[in-house]
A.B. asks: 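Provided herewith is a single structure, encoded as structure tokens, for subsequent inquiry.
Note that ligands are numbered from 1 as they come in the structure, with each ligand's atoms numbered from 1 the same way. Source: prediction; values computed, not measured.
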Amino acid sequence: MSEKIIYQNQNLECADRKTLEARQLEGLKFSVGQALKTKFYAANLTGHIKSADDICSLDDLKKIPFTTKDDLRASYTDGILATDMKDVVRMHTSSGTTGVPTVIYHTQKDINNWTELMERSLIASGATCADIFQNMMTYGMFTGGLGFHYGAEKLGILVIPTGAGNTKRQLQLMKDFKTTLVHATPSYMFHMATTMHEHGFSMQDLHLKKAYIGGEPHSENTRKKIEEMYNIDAYNSYGLSEMNGPGVAFECVHKTGLHVWEDSYILEIIDPVTGEPVKEGETGEIVFTTLRREATPILRYRTRDLAAVIPGKCPCGRTHRRISRITGRTDDMLIINGANVFPSQIEQVLMNVPEVGTNYMILVSKTGALDKLTIQVEIYSKLFHGDLSELEVLKHKIKDELRASIMINPTVELHEPGSLPAFEMKAKRVIDSRIKI
Ligand code: ADP
Ligand code: ZN
């Protein structure tokens with residue numbers, strides 16, 4: 001029997017800072033060289049950088065202006081393409097729900113590098129070739145499906161490429177093929193658990209050991225709830241299409257934050273208002289620079305995602321720094337009667353109330369001059385059909401806990417399980433009817 005692999009490349013994953021930074025510098029020079037071949041950066045770097053030779057240390061990163069989502073949109077379709085189109089083997093776009101999609105091209109080498117990062121992530125979380133992996137994320141333009149698929153195959157795992165949705169079929173396959181790993185959004189993990197009985201299955205039918213949950217923000221309480229419901233380990237997986245997709249930052253078996261693969265990305269955390277770096281351990285906006293990508297190099301990309309670097313060393317021995325889970329996006333903050341509220345704060349509170357089920361919605365509207373916040377929560381059916389006065393008590397308890405966390409007084413509505421919208425992919429839980437489209 002072969003020994004269990006715990007690193008893909010121990011030298012690289014546990015390299016000391018100096019070695020890692022030397023590698024990053026090499027990568028940065030390469031990326032700047034590639035970037036200057038693109039229409040967008042040739043124009044955008046004018047007055048800042050003339051050639052890759054202007055990069056002599058990692059500090060020179062500061063000479064480079066930030067790249068924003070709008071820059072990528074304005075570069076649609078090929079403004080950020082550094083290679084010949086004939087060398088490109090695949091393209092992906094972001095979901096494009098908020099405007100023109102952003103396009104990322106990949107050469108074969110880019111795909112191989114991405115695959116390597118995904119394989120590394122799976123190994124870090126304890127997956128082995130003996131696992132059976134059911135990939136419940138959408139395939140196609142969305143990067144979650146293909147990204148995990150290739151990484152898992154490289155590790156020698158049997159992949160069941162179901163894609164998202166069709167819960168009954170997912171459960172049947174999980175049962176029949178003894179699936180041990182799944183990849184899904186946290187919302188879908190909840191949806192599957194709560195509809196399992198309806199489809200004629202129970203937890204005893206499953207052989208699940210781990211779930212990779214990602215694609216959308218979620219709290220530690222949500223993770224715990226998923227782990228308890230299925231009796232498994234759930235690992236947080238973070239990525240974004242602009243940086244390939246999944247395989248950017250991933251939790252190892254210790255679940256103490258997400259290791260950012262720093263041989264492939266430079267991580268910065270900045271104050272979203274001033275653009276200056278925050279102190280280590282403080283929350284700010286994540287900024288990434290690709291270090292190995294040939295076709296679409298991206299320099300200092302403002303992700304709009306908020307997180308903090310976790311100080312100290314991880315017991316796994318990996319030296320690549322860890323980030324906290326994403327606590328929100330700079331663009332998902334709600335301003336309600338002048339107070340700033342992140343949907344993640346609301347989720348954190350709700351998932352800590354044992355009576356609350358797995359689904360909720362956040363509604364913001366206007367009544368006269370004032371904003372109104374309504375939180376709809378599904379509660380377990382036993383309770384719903386119980387004593388009315390108990391429901392009132394519960395309603396007040398949720399309301400009080402929310403007020404203590406977000407400093408505003410919401411209206412709380414309790415709903416029956418299955419009555420709020422369900423999500424097979426990224427959940428859309430906030431409906432802000434103050435915004436006129
Ligand atoms: P889009 O921005 O169009 O949704 P992507 O599909 O690339 O494009 O989604 C990436 C975004 O999804 C990230 O920037 C982040 O906001 C969110 N996301 C992905 N994984 C996680 C995660 N594990 N935790 C929190 N948010 C996540
Ligand atoms: Zn670790």
Side-chain angles (χ1 to χ4, degrees), residues 6-8 10 13-14 68-70 72-73 92-104 114 120-121 123-126 137-148 164 183-189 211-220 222-223 226 234-262 265 285-288 298 301-307 310 312-333 342-344 347-348 423 425-429:
I6 53 169
Y7 300 106
Q8 178 190 54
Q10 187 168 5
E13 290 168 61
C14 302
T68 64
K69 186 128 187 155
D70 284 342
L72 300 192
R73 283 188 177 136
H92 278 281
T93 65
S94 65
S95 23
T97 34
T98 50
V100 180
T102 57
V103 186
I104 305 297
W114 178 14
R120 191 192 296 174
S121 304
I123 293 172
S125 66
M137 284 284 199
T138 301
Y139 281 68
M141 291 299 231
F142 178 70
T143 54
L146 284 166
F148 262 75
H183 173 213
T185 58
S187 313
Y188 192 62
M189 289 306 288
Y212 299 114
I213 51 175
E216 62 184 11
H218 56 283
S219 61
E220 189 59 40
T222 292
R223 181 231 296 272
I226 291 171
Y235 297 93
N236 193 352
S237 150
Y238 167 75
L240 58 162
S241 48
E242 293 81 359
M243 294 292 126
N244 289 347
V248 176
F250 216 88
E251 280 184 326
C252 69
V253 288
H254 297 282
K255 298 186 212 162
T256 55
L258 299 92
H259 289 282
V260 173
W261 300 128
E262 291 188 277
Y265 303 97
E285 180 179 350
I286 302 174
V287 173
F288 282 128
I298 299 187
Y301 180 62
R302 292 190 62 156
T303 62
R304 304 198 260 194
D305 292 326
L306 297 168
I310 298 177
K313 291 196 179 117
C314 183
C316 75
R318 288 179 181 80
T319 46
H320 297 230
R321 284 181 299 165
R322 291 161 300 163
I323 51 169
S324 66
R325 59 180 61 254
I326 309 297
T327 51
R329 285 175 66 121
T330 53
D331 53 359
D332 74 1
M333 187 180 77
F342 283 101
S344 55
E347 180 188 310
Q348 176 81 19
F423 302 97
M425 275 294 291
K426 294 180 184 235
K428 243 189 148 14
R429 299 188 189 281

A.B. asks: Identify which one of K69, R302, R304 satisfies the salt bridge (charged side-chain N to carboxylate O under 4.0 Å, His left out) criterion when paired with E242.
C.D. replies: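 Checked K69, R302, R304 against E242; only one passes salt bridge (charged side-chain N to carboxylate O under 4.0 Å, His left out): K69.
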
A.B. asks: If I only include protein atoms of type N, O or S, how many are less than 2.8 Å from the Zn ion (ligand 2)?
C.D. replies: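 Number of qualifying protein atoms: 4.
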
A.B. asks: Could you tell me whether P101 approaches ligand 1 through its side chain, its backbone, both or neither, with non-hydrogen atoms closer than 4.0 Å?
C.D. replies: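 Neither; nothing of P101 gets under 4.0 Å from ligand 1.
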
A.B. asks: With sequence neighbours left out, write down each residue that passes salt bridge (Lys or Arg N to Asp or Glu O under 4.0 Å) with D332, or none if nothing qualifies.
C.D. replies: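 Per chain and number, D332 pairs via salt bridge (Lys or Arg N to Asp or Glu O under 4.0 Å) with no residue.
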
A.B. asks: Please report whether ligand 1 has a polar contact with N236, defined as an N or O pair separated by less than 3.5 Å (distance criterion only).
C.D. replies: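 Yes; at least one N/O pair falls below 3.5 Å.
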
A.B. asks: Given 3.5 Å as the limit, does a donor-acceptor pair link the side chain of T303 with the main chain of I286, or not?
C.D. replies: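 Looks like yes, one N/O pair under 3.5 Å.
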
A.B. asks: Looking at F142, which atoms of ligand 1 are within less than 4.0 Å of one of its heavy atoms?
C.D. replies: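 Heavy-atom distances to F142 below 4.0 Å select 6 (O).
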
A.B. asks: So, for A249 and V260, which heavy atoms are closest and what is the spacing to 0.1 Å?
C.D. replies: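 The answer is CB-CG2, 3.9 Å.
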
A.B. asks: Ignoring hydrogens, just give me the one of P217, G214, G239, S344 whose non-hydrogen atom is nearest atom 10 (C) of ligand 1.
C.D. replies: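 Checking each option, the heavy atom nearest atom 10 (C) of ligand 1 is found in G239.
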
A.B. asks: Does ligand 1 have an atom under 4.0 Å from some heavy atom of R304?
C.D. replies: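 No, R304 has no heavy atoms under 4.0 Å from ligand 1.
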
A.B. asks: So which bit of K426 gets within less than 4.0 Å of ligand 1, heavy atoms only: side chain, backbone, both or neither?
C.D. replies: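 The answer is the side chain of K426.
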
A.B. asks: Can an N or O of G215 be found at a distance shorter than 3.5 Å from an N or O of ligand 1?
C.D. replies: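 The answer is yes, given that G215 and ligand 1 share an N or O pair closer than 3.5 Å.
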
A.B. asks: Can S241 and T143 be counted as having a side-chain donor-acceptor contact under 3.5 angstrom?
C.D. replies: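 Short answer, no.
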
A.B. asks: Can you name the atoms of ligand 1, numbered from 1 with element, that are less than 4.0 Å from a heavy atom of K69?
C.D. replies: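 Reading through ligand 1 atom by atom, the close ones are 2 (O).
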
